[in-house]
Amino acid sequence: DVQLQASGGGLVQAGGSLRLSCAASRFTFDDHAIGWFRQAPGKEREGVSCISTTDGSTYYVDSVKGRFTISSDNAKNTVSLQMNGLEPEDTAVYYCAVVEDHFCSVYVWKSRAMDYWGKGTQVTVSS
């Protein structure tokens, strides 16, 4: 079975930075959209960002544009999310996910069902 292992969450003050990583095993980084969702207490799950493993095209939800950067290392089967300028509103459990055989786009990340999910990693931003 495909496994997605997320890491890098933690507690940080507002304005600080964290880097999340998602390592995929039993999975080939070809022609897929891979990225991150988050869910805060009492809120719906939100697609944060994705990247196409084929051409590196990306999507970011408006609230993180200019602060978060997603990247992939296909040789290491790893996707990372560099989060700078963190705000208390970024506090959530972050989940890594994959849509197979699709490029990353706002449609894919908002509308399609994910093929695989990783366990979440908690990000807490204090004010």
Side-chain angles (χ1 to χ4, degrees):
D1 293 342
V2 171
Q3 293 185 349
L4 302 175
Q5 181 65 49
S7 61
L11 172 63
V12 65
Q13 289 188 334
S17 298
L18 285 172
R19 185 176 181 87
L20 304 183
S21 292
C22 175
S25 58
R26 304 188 184 96
F27 183 74
T28 303
F29 262 39
D30 290 327
D31 302 326
H32 306 313
I34 302 175
W36 300 89
F37 285 77
R38 66 185 179 186
Q39 188 163 21
K43 294 188 177 181
E44 291 187 357
R45 187 172 58 200
E46 174 183 49
V48 176
S49 178
C50 64
I51 187 167
S52 297
T53 57
T54 300
D55 65 0
S57 56
T58 59
Y59 159 76
Y60 297 95
V61 68
D62 286 346
S63 60
V64 308
K65 285 180 180 177
R67 300 188 297 123
F68 290 11
T69 303
I70 192 168
S71 60
S72 69
D73 185 336
N74 290 7
K76 295 182 179 180
N77 277 17
T78 301
V79 171
S80 298
L81 185 69
Q82 178 66 42
M83 305 186 295
N84 298 328
L86 283 162
E87 303 168 352
E89 294 74 21
D90 296 316
T91 295
V93 178
Y94 284 69
Y95 298 90
C96 179
V98 170
V99 178
E100 290 185 301
D101 303 321
H102 282 79
F103 285 89
C104 164
S105 70
V106 58
Y107 166 75
V108 167
W109 219 241
K110 282 193 169 185
S111 303
R112 287 197 62 88
M114 299 295 113
D115 291 303
Y116 304 106
W117 289 94
K119 293 183 179 180
T121 184
Q122 176 71 47
V123 171
T124 302
V125 185
S126 62
S127 56

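Side-chain atoms are counted along with the backbone in the values below, which use heavy atoms only and exclude waters and symmetry mates.
The nearest pair of heavy atoms linking A92 to A40 is CB-N, 3.8 Å. Across all non-hydrogen atoms, the minimal contact from E100 to H32 is CA-ND1, 3.3 Å. Across all their heavy atoms, S17 and G85 have their closest contact at OG-N, 4.4 Å. Between S127 and A14, the shortest heavy-atom contact is CA-CB, 4.4 Å. Between R19 and S80 the shortest heavy-atom distance is NH2-CB, 3.5 Å. Considering all non-hydrogen atoms of both residues, A6 and T121 come closest at CB-CG2, 4.2 Å.
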Derivation and outcome, side-chain contact (heavy atoms from CB on, under 4.5 Å), residues C96 and W36: CA-CA 5 Å; C96 179; W36 300 89; 4.0 Å; yes
Chi angles and distances behind the side chain to side chain donor-acceptor pair (under 3.5 Å) call for T124, Q122: CA-CA 6 Å; T124 302; Q122 176 71 47; 3.3 Å; yes
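Neither side chain, T78 nor S21, offers a donor N or O lying under 3.5 Å from an acceptor on the other. No hydrogens or angles considered: nothing links the side chains of S7 and Q5 as a donor-acceptor pair under 3.5 Å.
Between T53 atom OG1 and N77 atom CG the span is 9.5 Å, to the nearest 0.5 Å. Within the model, atoms CD of Q82 and CG of L20 stand 9.0 Å from one another, a figure rounded to the nearest 0.5 Å. Taken from CD1 in I34 to CD1 in I70, the straight-line distance is 8.5 Å, to the nearest 0.5 Å. Distance check: C50 SG to L81 CG gives 11.0 Å after rounding to the nearest 0.5 Å. Note that CZ of F37 is 3.5 Å distant from CE of M114, once rounded to the nearest 0.5 Å.
Cluster annotation: L11 is not connected to V123 through the hydrophobic network of ILVMFWY side chains, with a link wherever side-chain heavy atoms come within less than 4.5 Å. Each of Y116 and F103 belongs to its own hydrophobic cluster when Ile, Leu, Val, Met, Phe, Trp and Tyr are linked at side-chain heavy-atom distances under 4.5 angstrom.
Remark: the backbone N or O of D55 is not paired with any side-chain donor or acceptor of S52 at under 3.5 angstrom. Within the 3.5 Å criterion, the main-chain N or O of C104 finds no donor-acceptor partner in the side chain of W109.
Classified by interplanar angle (parallel below 30°, tilted 30° to 60°, perpendicular above 60°), the ring pair F68/Y94 is tilted.
When each of I51, T69, V48 is tested with Y60 by the rule side-chain contact (heavy atoms from CB on, under 4.5 Å), just one qualifies, namely T69.
Identified under the salt bridge (charged side-chain N to carboxylate O under 4.0 Å, His left out) test for residues 80-96, with sequence neighbours left out: R38-D90, R67-E87, R67-D90.
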